[in-house]
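What follows is one structure encoded as structure tokens, with my remarks underneath.
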Amino acid sequence: MSTASPTATKRVVIEPVTRVEGHGKVSILLDEANHVTQARLHIVEFRGFERYVQGRPYWEMPVLVQRLCGICPVSHHLAAAKALDVIVGADQLPPTAEKMRRLMHYGQMFQSHALHFFHLCSPDLLFGFDADPALRNVLAVADRYPELAVQGVMMRKYGQEIIKATAGKKVHGTGAIPGGINKNLSIEERDGFLKDLAQMTEWAKGALKIARDYTEANLELAGRFGNFDSNFLTLVREDGAMDLYDGQLRAIDAAGEPIFDQVDDQRYRDVLLEEVKDWSYMKFPFIKSIGAEKGWYRVGPLARVNACDRIDTPLAEAERQTFKALTGGKPNPMSLAYHWARMIELLHAVEKIGELLHDPDLQGADRVTRGDRREEGVGIIEAPRGTLIHHYKVNADDQVTMCNLIVSTTHNNTGMNRAVTDVAREFIDGVPEISEGLLNHIEVAVRAYDPCLSCATHAVGQMPLVVKLYDAAGALLDERVKGCEA
Amino acid sequence: MEHMEQYSITIDGRTLTAWEGQTIMEAAHDAGIYVPHLCYLRGLVPFGSCRVCTVKADGRFVSACTQPVTPKMTIENDSEELLDLRRSLIEMLFVEGNHFCMFCEKSGNCELQAIAYRLGISAPRHDYQFPERRLDASHPDIFLDMNRCILCARCVRASRDLDGKGCFDFVGRGRGRRIAVNAEARLSDTVVDVTDEAIDVCPVGAILKKRVGFKVPIGRRTYDLEPIGSDLEARRRPRAAAPTGGAS
Ligand code: SF4
């Protein structure tokens with residue numbers, strides 16, 4: 001696909017204008033015949049961090065790097081801590097440390113998936129994404145389905161309280177330290193969470209049902225909306241089961257055949273490479289053995305549910321089987337299936353929380369370990385939005401000399417561009433016009449991937465968009481504004 | 001022991017007994033009255049550089065840590081005017097260094113941060129200067145982050161007077177003034193040891209023991225539990241039983 005120069009194409013730019021955190025814009029490139037040649041989602045990424053941390057002491061990383069992101073700080077916190085476990089030679093964490101971190105992670109997964117589902121995507125699923133944008137927002141959900149809105153708030157709070165109990169704070173905690181954890185879970189904290197566990201599980205099942213019913217009832221739409229073949233990447237446990245906190249890398253192709261499996265996280269560079277493109281600050285990772293053009297892949301809930309062999313909690317596993325049955329056991333390629341997969345993980349997370357809360361290791365006193373110091377370490381975690389890689393080199397003076405981060409949204413970069421391109425092709429075919437339908441569908445396509453920008457731009461239920469249409473010479477022809485107050 | 005005069009002084013209208021040769025800070029301390037301070041530390045020779053302990057004594061602005069008490073001295077400590085002055089000084093310290101509390105491992109144990117909280121500072125009124133400062137990680141057990149140094153000279157005095165080593169000192173003048181180590185280049189070239197007093201006295205996160213980091217969770221640290229000065233105020237006694245410092 002060409003990255004045609006502005007003089008040879010018409011450029012449609014759709015950009016959110018009101019928020020600063022992780023926002024993006026979409027530009028759509030047309031050829032002379034007004035056919036879409038390419039759509040690009042531009043995401044502002046905080047690349048400066050990798051430079052900034054150079055020289056800083058390594059033990060600061062889990063707290064420093066989570067400032068990358070106000071949305072999934074726990075994932076950065078844990079990925080950094082895991083990389084530093086390698087640096088300090090903590091090859092086997094004490095059970096209390098490992099389980100406290102897992103509890104923190106499942107708490108984060110639970111609250112993040114609940115937030116995304118209830119606040120960001122439920123308006124699309126409940127009202128349909130052609131509904132009037134003024135009505136298709138979380139306020140309308142609260143009005144029409146007040147019990148769902150309450151559940152969303154309470155589930156998010158439950159996850160946040162777990163984060164607070166394990167990380168020390170609801171946002172930007174400090175719980176995970178190199179080689180372990182700095183606190184355990186008190187009996188009072190544990191009992192507080194156990195009290196609400198059954199309710200949370202019921203609500204998670206309810207949310208899952210909405211996502212499943214929606215997908216099954218809208219198969220025709222899901223089949224033509226952002227539906228494309230891709231590879232998938234995730235961590236899996238040694239036995240192939242889903243493991244969101246730790247494991248080995250596995251990639252499968254569109255047919256479900258393995259590309260690689262059980263690759264040690266320290267060796268991620270043996271199987272993944274990153275490409276830089278001139279029009280984006282974001283890197284484009286790809287599977288080395290396939291090459292840059294065809295080696296792109298998707299990560300996140302869809303990738304994880306597609307690529308794991310099973311889920312080790314019964315309720316989520318039963319759902320996974322239903323999910324897999326829909327596509328005859330093959331990977332599900334539909335962007336809209338992300339929602340269903342995300343809710344399977346929501347249920348899995350709360351089942352895991354229940355397992356952990358019943359484990360007395362959480363009250364253990366042995367919390368930190370160390371071994372032979374190393375100069376390099378990689379930490380990989382399955383964050384709510386997908387695989388998150390942290391890689392550090394540390395000198396003999398304990399200073400970070402190299403930091404490489406590959407965040408979930410970066411892995412999904414090409415996938416999101418593909419989804420937006422598909423949508424743009426359907427709506428702009430030969431007609432150089434920005435219709436309401438195009439705007440809505442781009443918004444929904446991007447949101448399926450839950451990229452970091454979605455929370456920021458969807459606070460009251462709609463992405464603020466400015467759409468600009470340029471002629472072949474780059475002059476502005478038309479402009480449409482959507483969802484902005486000004 | 002020489003005879004020491006007892007003086008009657010007032011601080012914020014409260015009458016108390018002070019001893020000849022005591023500073024205002026010491027007299028206040030003995031009476032359980034908190035005068036905010038940064039460069040002052042009990043056990044170190046007063047330095048009087050940060051001016052955060054500025055009080056009004058008989059109508060004049062003075063540093064409580066260096067000004068001796070005089071008979072019938074009337075001292076204002078807790079007034080709007082002084083509060084505003086102290087806030088302004090603290091804010092200047094914040095903007096002239098690089099103080100990122102959100103990932104600083106000293107957070108919760110940092111006196112600068114704790115005073116800012118106690119004085120109710122939310123955001124400085126001056127522009128941040130984002131200066132370029134040095135890191136020195138050469139010592140196996142000590143990490144120096146000069147981004148956070150507020151030039152209080154506690155390390156200078158402690159190393160010289162308590163450790164008898166003189167590992168730290170000032171170099172440069174005016175805006176170029178900074179803490180340097182007493183060696184050709186790096187901290188590891190000095191005789192400093194991680195058990196030295198000098199390593200414990202830094203009020204901010206400029207001198208750190210390596211690999212301690214966040215072992216104590218945020219939320220359970222000294223000033224997370226109660227505001228700075230509360231321990232002193234809790235010990236408030238009606239009369240000073242024995243003098244702090246002063247002539248002996
Ligand atoms: S390093 Fe710490 S103790 Fe030394 S002058 Fe700077 S702030 Fe004060």
Side-chain angles (χ1 to χ4, degrees), chain A residues 49 52-70 73 76-77 80-81 84 87-90 97 100 104 163-186 367-370 373 394-401, chain B residues 97-110 113 117 128 130-148 181 183 185-190 192 194 199 202 204-225:
Chain A
F49 255 81
Y52 180 77
V53 301
Q54 287 177 16
R56 302 302 314 169
Y58 71 77
W59 52 88
E60 216 175 54
M61 291 306 111
V63 176
L64 200 165
V65 291
Q66 59 181 337
R67 296 283 167 173
L68 265 171
C69 175
H76 286 291
H77 181 59
L84 296 171
I87 301 273
V88 302
M100 281 294 284
M104 190 192 305
I163 294 169
K164 186 170 174 219
T166 48
K169 283 163 75 187
K170 280 188 196 163
V171 183
H172 299 135
T174 58
I177 56 178
I181 192 96
N182 65 15
K183 75 184 287 286
N184 60 12
L185 195 74
S186 71
R367 299 192 309 256
V368 190
T369 186
R370 272 174 194 276
R373 174 80 148 68
V394 176
N395 67 17
D397 287 339
D398 298 328
Q399 293 175 288
V400 173
T401 56
Chain B
N98 297 311
H99 299 277
F100 301 115
C101 304
M102 70 283 264
F103 62 80
C104 176
E105 62 188 90
K106 189 85 173 188
S107 185
N109 291 327
C110 172
Q113 181 194 43
Y117 277 132
Y128 287 98
F130 300 115
E132 292 260 339
R133 300 271 187 87
R134 279 172 320 123
L135 305 175
D136 184 339
S138 60
H139 195 282
D141 301 313
I142 303 164
F143 188 87
L144 294 187
D145 184 349
M146 287 301 134
N147 286 295
R148 302 165 183 159
V181 297
R186 309 182 314 160
L187 188 64
S188 58
D189 303 324
T190 69
V192 76
V194 71
I199 307 310
C202 183
V204 292
I207 303 181
L208 298 164
K209 291 182 185 167
K210 280 189 172 178
R211 298 174 292 278
V212 171
F214 294 90
K215 276 187 186 156
V216 176
I218 298 279
R220 294 196 190 162
R221 298 169 169 216
T222 311
Y223 306 122
D224 293 334
L225 303 176

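- Side-chain contact of T222(B) with N109(B): a donor-acceptor pair under 3.5 Å is present, judged by distance alone.
- Considering only residues two or more places apart in sequence or on other chains, Y128(B) meets the ring-ring contact (aromatic ring centres under 6.0 Å, His included) condition with F130(B).
- The side-chain hydrogen bond (donor to acceptor under 3.5 Å, both in side chains) test applied to R186(B) returns S188(B), not counting sequence neighbours.
- Contacts of N147(B) with chain A are made by side-chain atoms alone, with heavy-atom separations under 4.5 Å and no backbone atom involved.
- Interface summary for chain B: among E60(A), Q399(A), R367(A), the most heavy-atom pairs under 4.5 angstrom belong to E60(A).
- In this structure, the portion of L135(B) lying under 4.5 Å from any heavy atom of chain A is its side chain and not its backbone.
- Across R221(B) and F214(B), no two heavy atoms sit closer than the pair NH2-CA, 3.5 Å.
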